[in-house]
Trainee: 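The structure follows.
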Amino acid sequence: MIPGNVDPRRPDKVQRYKAPQANGNAPVEDLTPDYMNILGMVFSMCGLMMRLKWCAWVALYCSCISFANSRISDDTKQILSSFMLSISAIVMSYLQNPQPMTPPWATAVN
Amino acid sequence: MKLWIVFMHVLLVSCSVWANYQDQQDNEFAEFEEFESDDAFVQSTGAENLMKEPEPIDADNIFITDDDDGDIIINDDSEFEHFQDTEEFEGFAESREEKIEVEPKITITKVPIHFRANWDSYWLEILMVTGLIVYFINFATGKSKNTMLANTWFQSHKQLLEDNFTLVGDDGALEHIKESGGLLKESENTFTLWCSGRTCCEGMLVELKLIKRQDLVAVISGMMRPTLDQVHIKVTMDSDAMEPFVFCVASKKTATHVSKETNDISVYCPERKSGERYNIPSNFQVMSEILEATSAMLDSKVTAILNKYTDLVDYIHISDQYSGAKQTEDTGALKLPEVKKVLLFGFNMPVKGMSPTEAVEQLKPLMVLVFYCIEKVKRFRLSKESKTKADKNRLRVEEVFLKSTHAARAEAAANRREEKRRLEKEKVMAEEDPERQRRWEEKDQKRQAKKRAPKMKQLKVKAL
């Protein structure tokens, strides 16, 4: 397809890579990690304050999903703090009440 | 008094509990056994009286007699009498009756289940932990598969890219370009590659958007709504290397999305035509500004590729007015968004049922197509009429934009003028020389008066 004898390369025309998103338009990229982060924090707080074990477990799952979907450029501190919060919610719930967890639908059924 | 009654009652109850477990043979309490059928309260009262010295009880009411053994026998009657003495206890008669009627309630305290003794009750926790373990195993496998796929793609295309670009792979870091640059990992499922150093184009950005294999939730939702691994290529042309036209050929679903979302296509290409007209499969749709450009772009080679690799090509978008996606809300921009001359390509990479090497190899002819298109666009020249038409279109778009933002721009200009005046005033005020200030104020007042006065046309009367 391309004439083989002409070398299209031009070393003098090399331009450095500039990461996109320099302008202020809305990022088209995936917002899952951010949503999951917030959701995880909300569930952790619910689990801690209302001593609901299932909330704490859901918070841990949200943190994991956020971690899996996170970009490399994201702050690791954010992810770590989210994990720590959800683990502390679980630990506190079990320290206060070592009973096994009742699923949330059990209370609704009874 | 009442508090003392309560305290006594508590002690009595505890003593009765203790007394019940005593040896029946114990002679000390043998006398009280016959009272077991009686009211428990009375019996415990008796026991209490024996053990402790009830203080505020009037000694006169108790008849304590000694029997032959020297044991103390307490006369029943006097005891009963003593407790019926209303002078001694307040409100006692009524409450006593109540207490006789009420049966002692036995509450079984909840003893927490011990973990080690009873694993089964913790089934939900075990399930949760298992779920987490499964999630992390999937994360590890998904991540490694994606990385492997990306690296295989890169290795397979490396030679082709190096033949066309001086710089293949750049991380954009400030320091000197790394010679061994390669794929950049944006996330566990997105990889980018920047290539530069070629005639007529500034550079090429290749984005590998793979399926989120590392996220179990995404994998499960992928079972219901399947997605494909995709390769997105964006070639930025030099400002003088491209004729003005907007053209796009895309699969149906992508075409709908692109014609609605992208700025340039929605403005310059209102119509969508089926691919059959141009000898390409019917699942493709063509959106074009200038007919001449369409026929030039969809030449025999391109149509052959489109016919052969129908499933692999998602879209080909060539535009000199590309500015990204449409802004959803009114950003109040006063200038037209910045446009670039680009060639955009989107290819699907089906991986199911084949090895990664095979999967990436099938994309190689498409990469060759990319370079072919670049050369074509560089060499293509519009006819005069087409060019005029294109220029007119762009001018019209600009006018429409300017009109719509006229009010906003006027306001911005007025604001700027006001700001300028304010700054000038501040500068003058800050100066020490009063003379200068006075002169400036005069000038300013004249300016204001001129503005406020109605604009009258001056008629020049010709001297006859």
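To find a chain, count down the sequence lines: A is the first, B the second, and so on, and within it residues start at 1.
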Trainee: Take a 6.0 Å sphere around NZ of B/Lys145 and say whether it holds more than 12 heavy atoms from other residues, nucleotides or ligands.
Mentor: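 Counting neighbours around NZ of B/Lys145, 12 or fewer heavy atoms of other residues, nucleotides or ligands fall under 6.0 Å, so no.
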Trainee: Of the non-hydrogen atoms in B/Ser187 and A/Ser70, which two are nearest, and what is the gap between them?
Mentor: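 Taking B/Ser187 first and A/Ser70 second, the nearest heavy atoms are CB-O, 3.6 Å.
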Trainee: Tell me the closest heavy-atom pair linking A/Val14 and B/Leu167, and the distance in Å.
Mentor: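 In this case the closest contact between A/Val14 and B/Leu167 is CG1-CD2, 3.7 Å.
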Trainee: Does any backbone or side-chain atom of B/Cys201 lie under 4.5 Å from a heavy atom of chain A? Answer side chain, backbone, both or neither.
Mentor: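 Only the backbone of B/Cys201 comes within 4.5 Å of chain A.
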Trainee: Answer yes or no: is there a side-chain heavy-atom contact under 4.5 Å between B/Leu124 and A/Pro100?
Mentor: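 No, too far: nothing below the 4.5 Å cut-off.
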Trainee: Tell me every residue that passes side-chain contact (heavy atoms from CB on, under 4.5 Å) with B/Ala241, counting only those two or more places apart in sequence or in another chain.
Mentor: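 Expected list: B/Cys200, B/Met237, B/Asp238.
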Trainee: Can you confirm whether B/Tyr135 sits close enough to A/Phe67 that some side-chain heavy atom of one is under 4.5 Å from a side-chain heavy atom of the other?
Mentor: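 Sidechains of A/Phe67 and B/Tyr135: no contact.
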Trainee: Is the closest side-chain heavy-atom distance between B/Thr236 and A/Gln15 below 4.5 Å?
Mentor: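 Contact flag for B/Thr236/A/Gln15 side chains = no.
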Trainee: Which region of B/Glu162, side chain (C-beta onward) or backbone (N, CA, C, O), has a non-hydrogen atom less than 4.5 Å from a non-hydrogen atom of chain A, or is it both or neither?
Mentor: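 Contact with chain A: backbone only.
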Trainee: Considering residues, nucleotides and ligands other than B/Phe136, do more than 12 of their heavy atoms fall under 6.0 Å from its CZ?
Mentor: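 Yes, CZ of B/Phe136 has more than 12 neighbouring heavy atoms, counting only those of other groups under 6.0 Å.
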Trainee: Could you tell me if the side chain of B/Lys212 sits less than 4.5 Å from the side chain of A/Asp30, heavy atoms only?
Mentor: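 Yes, at least one pair of side-chain atoms sits under 4.5 Å.
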Trainee: So which part of B/Leu216 gets closer than 4.5 Å to some heavy atom of chain A, the side chain, the backbone, both or neither?
Mentor: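 For B/Leu216, no heavy atom lies under 4.5 Å from chain A.
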Trainee: Side chain, backbone, both or neither: which part of B/Phe165 has a non-hydrogen atom closer than 4.5 Å to chain A?
Mentor: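 For B/Phe165, backbone heavy atoms alone lie under 4.5 Å from chain A.
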Trainee: For B/Lys378, does the NZ atom have more than 12 heavy-atom neighbours from other residues, nucleotides or ligands under 6.0 Å away?
Mentor: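 Buried by this count: over 12 neighbours within 6.0 Å.
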Trainee: With rounding to the nearest 0.5 angstrom, report the OG to CG distance, A/Ser63 to B/Leu132.
Mentor: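 It is 10.0 Å, given to the nearest 0.5 Å.
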Trainee: If you count heavy-atom pairs within less than 4.5 Å of chain A, which of B/Gln214, B/Glu125, B/Glu188 leads?
Mentor: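 Heavy-atom pair counts peak at B/Glu125.
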Trainee: Decide if atom CZ of A/Arg51 counts as having more than 12 heavy atoms of other residues, nucleotides or ligands within a radius under 6.0 Å.
Mentor: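 Not buried by this count: 12 neighbours or fewer within 6.0 Å.
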Trainee: For A/Ala59, which residues count as a side-chain contact (heavy atoms from CB on, under 4.5 Å) partner, sequence neighbours excluded?
Mentor: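 Here the qualifying residues are A/Phe43, A/Ser44, A/Ser86.
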Trainee: Would you mind checking which part of B/Thr190 comes under 4.5 Å of any heavy atom in chain A, side chain (CB onward), backbone (N, CA, C, O), both or neither?
Mentor: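 Neither the backbone nor the side chain of B/Thr190 comes within 4.5 Å of chain A.
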Trainee: A/Lys13 and B/Ser196: which non-hydrogen atoms are nearest, and at how many Å?
Mentor: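 Looking at all heavy atoms of both residues, the shortest contact is O-OG, 3.7 Å.
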Trainee: In Å and rounded to the nearest 0.5 Å, what is the NZ to CH2 distance from A/Lys18 to B/Trp194?
Mentor: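 So the gap between those two atoms works out to 7.5 Å.
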Trainee: Looking at A/Tyr61 and B/Met128, what are the two nearest heavy atoms and their distance?
Mentor: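 Here A/Tyr61 and B/Met128 meet closest at OH-O, 2.8 Å.
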Trainee: Quick one, A/Trp57 and B/Val129 - any side-chain contact, counting heavy atoms below 4.5 Å?
Mentor: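 The answer is yes; the side chains approach within 4.5 Å.
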Trainee: Measure across A/Asn69 and B/Asp215 and return the closest heavy-atom pair with its distance rounded to 0.1 Å.
Mentor: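 Result for this residue pair: ND2-OD2, 2.9 Å.
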